[in-house]
Amino acid sequence: MSDTATAVDPALREHVVETICALLPRVLKRDVPDASEGTTLMDDLGMSSTTGLELVLELEDRLEREISVEDLGRDDFETVGTLATYVAGNLLAEE
């Protein structure tokens with residue numbers, strides 16, 4: 001895990017998990033009824049790098065905050081939870 005994981009606000013992370021789960025059907029264009037923190041994005045849902053990017057853009061829109069994607073890697077897309085941890089630790093300050 002990255003250093004930012006230790007500084008992540010648990011409430012914010014939980015909100016991001018819920019937001020990701022809510023956005024998955026829209027991004028994947030199909031129902032995702034059992035999505036949870038442990039759902040693997042690539043293996044369980046077949047998410048591609050394109051849909052992963054679309055999900056990050058949708059998250060920015062829904063959270064009304066920009067996400068720093070500089071250090072965003074494939075490992076961060078392992079599960080809904082790992083992506084939520086990354087996003088919660090890499091939201092850019094509102095201007």
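Quick note: numbers below take in every heavy atom, side chains included, and nothing from hydrogens, waters or symmetry partners. Just so you know, residue 1 is the first one in the sequence shown, and it goes up from there. Owing to the predicted nature of the structure, the values given are computational and were not obtained by experimental measurement.
Counting heavy atoms of neighbouring residues, nucleotides and ligands inside a 6.0 Å radius, atom CZ of R26 does not exceed 12 of them.
In this structure, CG in L41 is found 8.5 Å from CD in E78, a value given to the nearest 0.5 Å. To the nearest 0.5 Å, the span separating NE2 on H15 from CG on D9 amounts to 11.0 Å. To the nearest 0.5 Å, the span separating OG1 on T82 from CZ on R74 amounts to 11.5 Å. With rounding to the nearest 0.5 Å, the separation of CG in L59 from CG in L91 is 9.0 Å. Taking OG1 from T50 and CG from L55, the interatomic distance works out to 12.5 Å, rounded to the nearest 0.5 Å. To the nearest 0.5 angstrom, I20 atom CD1 is 8.5 Å from T79 atom OG1.
Side chain to side chain, T51 and S48 meet the donor-acceptor criterion of an N or O pair below 3.5 Å.
The heavy-atom pair separating G38 from D44 by the smallest distance is O-OD2, 4.5 Å. Here the closest non-hydrogen pair linking A88 and L12 is O-CD2, 3.6 Å. Nearest heavy-atom pair across R62 and L23 is NH2-CD2, 3.2 Å. Residues T19 and L63 come closest through the heavy atom pair OG1-CD2, 4.1 Å.
With R13 contributing its side chain and G81 its backbone, the two residues share a donor-acceptor pair below 3.5 Å. A donor-acceptor contact shorter than 3.5 Å links the side chain of E60 to the backbone of I67. Although no hydrogens or angles enter the test, the distance criterion places no donor-acceptor pair under 3.5 Å between the side chain of D31 and the main chain of P33.
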- [ ] Before giving the answer on side-chain contact (heavy atoms from CB on, under 4.5 Å), spell out for Y86 and V56 the whole-Å C-alpha distance, their side-chain angles and the decisive distance to 0.1 Å.
- [x] CA-CA 11 Å; Y86 179 87; V56 170; over 6 Å; no
Task: Intermediate values then yes/no, side-chain contact (heavy atoms from CB on, under 4.5 Å), R30 and L45 - done: CA-CA 10 Å; R30 61 182 163 87; L45 302 178; 4.0 Å; yes
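Contact check for L72 versus N90: no side-chain heavy atoms found under the 4.5 Å cut-off.
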